[in-house]
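Okay, so here's the structure we're looking at.
In this text the structure is predicted, and so the values were computed from the model without any measurement. Naming: A, B, ... by sequence-line order, numbering from 1 per chain.
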2 protein chains.
Amino acid sequence: MSAQIAHVEQQLQAAGKRLTSQRVHLLHILQERGGHLDADEIYRLMKPRFPRLSLSTVYRTLGLLKELELVRELHLDREHHRYEIERGEEHQHLVCLECGRVIEFKCAHCVPMHQDLADRYGFQITGSRVELLGYCAECQARVEQQRR
Amino acid sequence: MSAQIAHVEQQLQAAGKRLTSQRVHLLHILQERGGHLDADEIYRLMKPRFPRLSLSTVYRTLGLLKELELVRELHLDREHHRYEIERGEEHQHLVCLECGRVIEFKCAHCVPMHQDLADRYGFQITGSRVELLGYCAECQARVEQQRR
DNA sequence: TTATATGCAAACAATTTGCATCCTG
DNA sequence: CAGGATGCAAATTGTTTGCATATAA
């Protein structure tokens, strides 16, 4: 069992929650896949192991993990939310509008930005959503070729 | 009639669309309110003038204006989308998690960030969503006091 | 006049909830 | 064994669509 999962187990118990096999498995999936999954994808990935699994369990588990700040909810597209394990370190997302690929990056400019805002507006910043939209190198090339 | 509205009128006609009183009124509301309205708020603001207005007209109009890039759709919270007039100039949003207030700001750090990403990943960036979440000065003070 | 917009009601999709049953602690 | 967790089905919410009627061009 990874350190991540051990940590989650600990947090769940600290919150008086139970460690069910569904919860553990969901975490594993999120961890293996590296995140950016939506509820239905998670559901389908879990289904083989839990044939009677219901979507509401997925939503309830995600909701719980979100509250415990073990999972982060992303709003990368308008249709549904996507989820990833909260790794503690702030990072941003780059989304390709053509193929949907998501690249994570860390932005050196964001820390001074937070400080700026604290100074200018007295805002205490607790979180951020930085999502940049555009076209990845591959899709640019493909579109270019089709246009030829 | 403001220059904004004149511009919209022109764009609509260029796209072969009609200039209905509902569309004009919706634009006026968005302009007067300065944006950040959701579909239902717009609906309620328009209702007095158009008692038989339906929500679907609001959604269809917003969809149309969004396609023409006259209106921008924001995803500030998970419940619904909010809309504002597209002013051409990129800006970011600061959202208070307590009172819901939205502050717009312009971030000097964002332009170099786009350039960075183009360099690092070959990404062509066409848009961005930068939303910072936290607590405004007033709400911090209030919470502080309650805790006392 | 004629195609585009609107209003209304019904359809949808993502997410949430009530309740009986199940299972972890 | 007791209370939290699950599965199922039904309810909610935000948004979209089909169709008959109204209206801008």
**Fill in**
From NE2 of B:His25 across to C1' of C:dT6 the rounded distance in Å is 16 Å
**Request:** Let me know which of A:Glu67, A:Glu86, A:Glu104 forms a salt bridge (charged side-chain N to carboxylate O under 4.0 Å, His left out) with A:Arg72.
**Result:** A:Glu86
**Message:** Ring centroids only, cut at 6.0 angstrom: are A:His91 and A:Phe105 within range, meaning strictly under it?
**Reply:** no
**Prompt:** With side chains defined as the heavy atoms from C-beta onward, is the minimum distance between A:Leu132 and B:His114 less than 4.5 Å?
**Reply:** yes
**Request:** Could you encode protein contacts along nucleotides 9-14 of chain C as a string, one character per nucleotide from 5' to 3', using B for base contact, S for sugar-phosphate-only contact and - for no contact, with a heavy-atom cut-off of under 4.0 Å?
**Result:** -----S
**Message:** Output the rounded distance in Å from CD1 (B:Ile42) to P (D:dG14).
**Reply:** 14 Å
**Prompt:** How long is the line joining CD of B:Gln22 and P of C:dC8, in whole Å?
**Reply:** 11 Å
**Message:** When you compare the side chain of B:Glu131 with that of A:Ser128, does any pair of heavy atoms fall below 4.5 Å?
**Reply:** no
**Fill in**
When rounded to whole Å, the CG to C1' distance for the pair B:Asp38 and D:dG14 reads 10 Å
**Request:** Could you tell me the separation between the CG atom of A:Leu53 and the C1' atom of C:dC23, rounded to a whole number of Å?
**Result:** 16 Å
**Request:** With the side chain counted from C-beta on, respond yes when B:Leu70 and B:Gln11 share a heavy-atom pair under 4.5 Å apart, and no when they do not.
**Result:** yes
**Message:** Within the structure provided, determine whether A:Leu94 and A:Leu133 are in side-chain contact (heavy-atom separation under 4.5 Å).
**Reply:** no
**Prompt:** Taking atom C1' of D:dT16 as reference, at what distance in whole Å does atom NZ of B:Lys66 sit?
**Reply:** 11 Å
**Asked** If every non-hydrogen atom of B:Ile103 is compared with every non-hydrogen atom of A:Phe123, which pair is closest and at what distance?
**Response** CD1-CE1, 3.7 Å
**Asked** To the nearest angstrom, how far is A:Leu62 atom CG from C:dT15 atom C1'?
**Response** 11 Å
**Request:** Compare all side-chain heavy atoms of B:Gln22 with those of B:Met46 and state whether any distance is below 4.5 angstrom.
**Result:** yes
**Aromatic ring pairing B:His75/B:His81, orientation class (parallel under 30°, perpendicular over 60°, tilted between)** = tilted
**Request:** Starting from C1' on D:dT6, measure out to CZ on A:Phe50 and report it in whole angstrom.
**Result:** 11 Å
**Item:** Pairwise 5' ranking along DNA chain C for B:Gly16 and B:Lys47, keeping only the more 5' one
**Value:** B:Gly16
**Complete:** Given protein heavy atoms under 4.0 Å, the one-letter contact record of nucleotides 19-25 of chain D, with B base, S sugar-phosphate only and - none, is simply ----BBS
